[in-house]
Amino acid sequence: MRFLKITWFLLLSTSFGLAQAASSADQPKNENVRFSADMLDRNIDPCTDFYAYACSKWLAQNPIPSDRPEWGRFDELEERGEHIVRGILEKYSANDPKRTVVEQKIGDYYQSCMDEGAIESAGTHPLENELKTIDALQSKQELVKEVIRLHRKGVGALFNFTSDQDFKDATQVIAEADQGGMALPDRDYYLKDDSKSAELRKQYVEHVQKMFQLLGDSPEKAAAEAKTVMDIETGLAKGALDRTSRRDPNKVYHKMTAKELAALSPDFSWNIYLEGVGAPATQVLNVTEPEFFKQMDKVLKTASLDDWKTYLRWHAVHSNAALLPAKFVKENFDFFDKALAGTKELSPRWKRCVRYTNGDLGEAVGQKYVDLTFGAEGKERTLKMVQALEKSLGGDIDNLPWMGPETRKQARVKLAAITNRIGYPDKWRDYGSLKIVRGDALGNSSRANEFEFQRQLNKIGKPVDKNDWPYPPPTVNASYNPQLNNITFPAGILQPPFYDNRADDAMNFGGIGAVIGHELTHGFDDEGSQFDAQGNLRDWWTEQDKKEFGQRTQCIADQYSGYAAVDDLKVNGKLTLGENVADNGGMRIGYMALLSALAGKQPAPVDGLTAEQRFFLGWANVWCQNQTDELSRMLVTVDQHSPSRWRVNAVTSNMPEFREAFHCKADAPMVRQNACRVW
Ligand SMILES: [Zn+2]
């Protein structure tokens, strides 16, 4: 799945999929999200630094709120959405027998999460069962049973297990075993030897120690336990594949029988796991990274039973920290949000609870959100934009000078097969079997995780359900899925500044138009282009065209690798390649779509800005964003997207149309001498 932008609160996640942060103000920060020409910094030449011209005033006026690691146009929308969802959840949190099933679930989930008094007095009681079971383990052979229990409750221990479409037969869903079991955001955090990484590891070990102390262990014991956790996770990290390699579908596709998997890690009872985890009996599964499971076996052998108990105990408390008493929440915040991401203070409880409810009951909350915010009209208008962008991409494919007729024909077939999901699902998810108990915050979250885990496993062996949405409608994001060959635009993003009923075509094509173009282009970026119209991993390129394509993507990789991300860190041009190709292609076809909408007529300038100028400003406008250095640093390692500044300047400096629109001189900084172009 390729998203438009990484969601930081999903990134800093515990098992809820969500972590703490947001603004301490109880009102939305900035209601005026529309573009205004007053925001332009006329002292800056757009040909020197277009991002600064479009965003520097906004950046100066919009510092990062103390309880967030970043603040940008996406965050403004997210926060507005959170206020809307809060209103919905508060309305249904009263214990009213007239509530519908959906209203009871979302209302009681939220109410339980908000009830700090009950959570404080319960202490670690809701976890005790789990901790006792771990403590009672008699042998390493029994570990498998506890791993099953924890996986079903959404606790990421040892590895990850779920379902996925078969890369080479997109109609089928198979089981998937993936690397995992590490609490830090990436394997690089365990392995890199620079001083910042070493410092973070030190802080991490201190954090793990403090969590054990909060569970009642002595400082000495807790320190030894923290070291054990670090040793085991580092052992796992050594077998994990790096993020850039994981972008290559062939490197994460290894179809195996259960027997073959068992041979990779003979010390783990895979037969018991596969029988007990709740998956339908399955002949084959995708083992994304066989080396990881070999390495996992080594770690299994080396660490003692007591070490494993310590490791599992850590993951049980870590994954549940957000719904334990305040001292756990604070300790978890201090490391994962403050040290790792630079967030200064914990967000108000209601924001965290809005996020957890959305994370666990997204399509139940989403129904209410859509009723309030998104009409049929929104769907229709967006669909029209999508059609205009598809037409442009078709025209682009027809006229690419480097592509031969055979590949061109195949690309056309793929484009024609792309389907769209706009606003919200046709059919809402049924949460009927998920029990939400008023007053049991941690239990609710745990059962929601189990519901979701089982839902994913139930897909195994069945045909793909194309109506299954990957995230709830209030999400401010968009995505392309290469295995489904479809794009998804949730209601949350279909509003200003991305899409504005009151703005003209130029701004909208530069905003949501280029975003739609971005998602469509993902079907043809360095990763998406390896999948065919049906979503199968199949090479449909001629050798010559593949070579031509490779040269052009290399140009993009080299270009972005030269940009600074933060301090001494450079953008990773290979990790961000797919997103950068999509940004460049999206703007190209967004521009083409604007030209065809204008049909040769030049509308009168608005605020002294031509339609072409406002198109580029429409794009820049959505990327204005302040970010802590800590988060920027983390994102260089884990985010496949480039920093906002380069999402604007790198793309526009590749486009001769930009140079023309702003009358830039040939040697201006925003005019790239060897401009890159793929699509
Ligand atoms: Zn993307």
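Indexing begins at 1, ligand by ligand and atom by atom, following the structure's order. When reading the values below, keep in mind they use all heavy atoms of this one structure, side chains included, and skip hydrogens, waters and symmetry mates.
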**Student:** Is NZ or CZ of R647 both nearer than 6.0 Å to the six-membered ring centre of W623 and within 45° of the ring axis?
**Tutor:** yes
**Student:** Could you identify the N, O or S atom of H522 positioned closest to the Zn ion (ligand 1)?
**Tutor:**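 Within H522, restricted to N, O or S, the Zn ion (ligand 1) is closest to atom NE2.
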**Student:** Is it true that R588 and D583 have a side-chain N and a carboxylate O under 4.0 angstrom from each other?
**Tutor:** no
**Student:** Got a salt bridge between R68 and D75, using NZ or NE/NH1/NH2 to carboxylate O under 4.0 Å?
**Tutor:** yes
**Student:** Rounding to 10°, state the angle centred on the Zn ion (ligand 1) that links NE2 in H518 with O in F3.
**Tutor:** 130°
**Student:** Looking only at N, O or S atoms in E579, which is nearest to the Zn ion (ligand 1)?
**Tutor:**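 This residue's closest N, O or S atom turns out to be OE1.
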**Student:** Less than 4.0 angstrom from a charged side-chain N to a carboxylate O is my criterion; do E70 and K5 meet it?
**Tutor:**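 Looking at K5 together with E70, the answer is yes, because their closest N to O distance falls below 4.0 Å.
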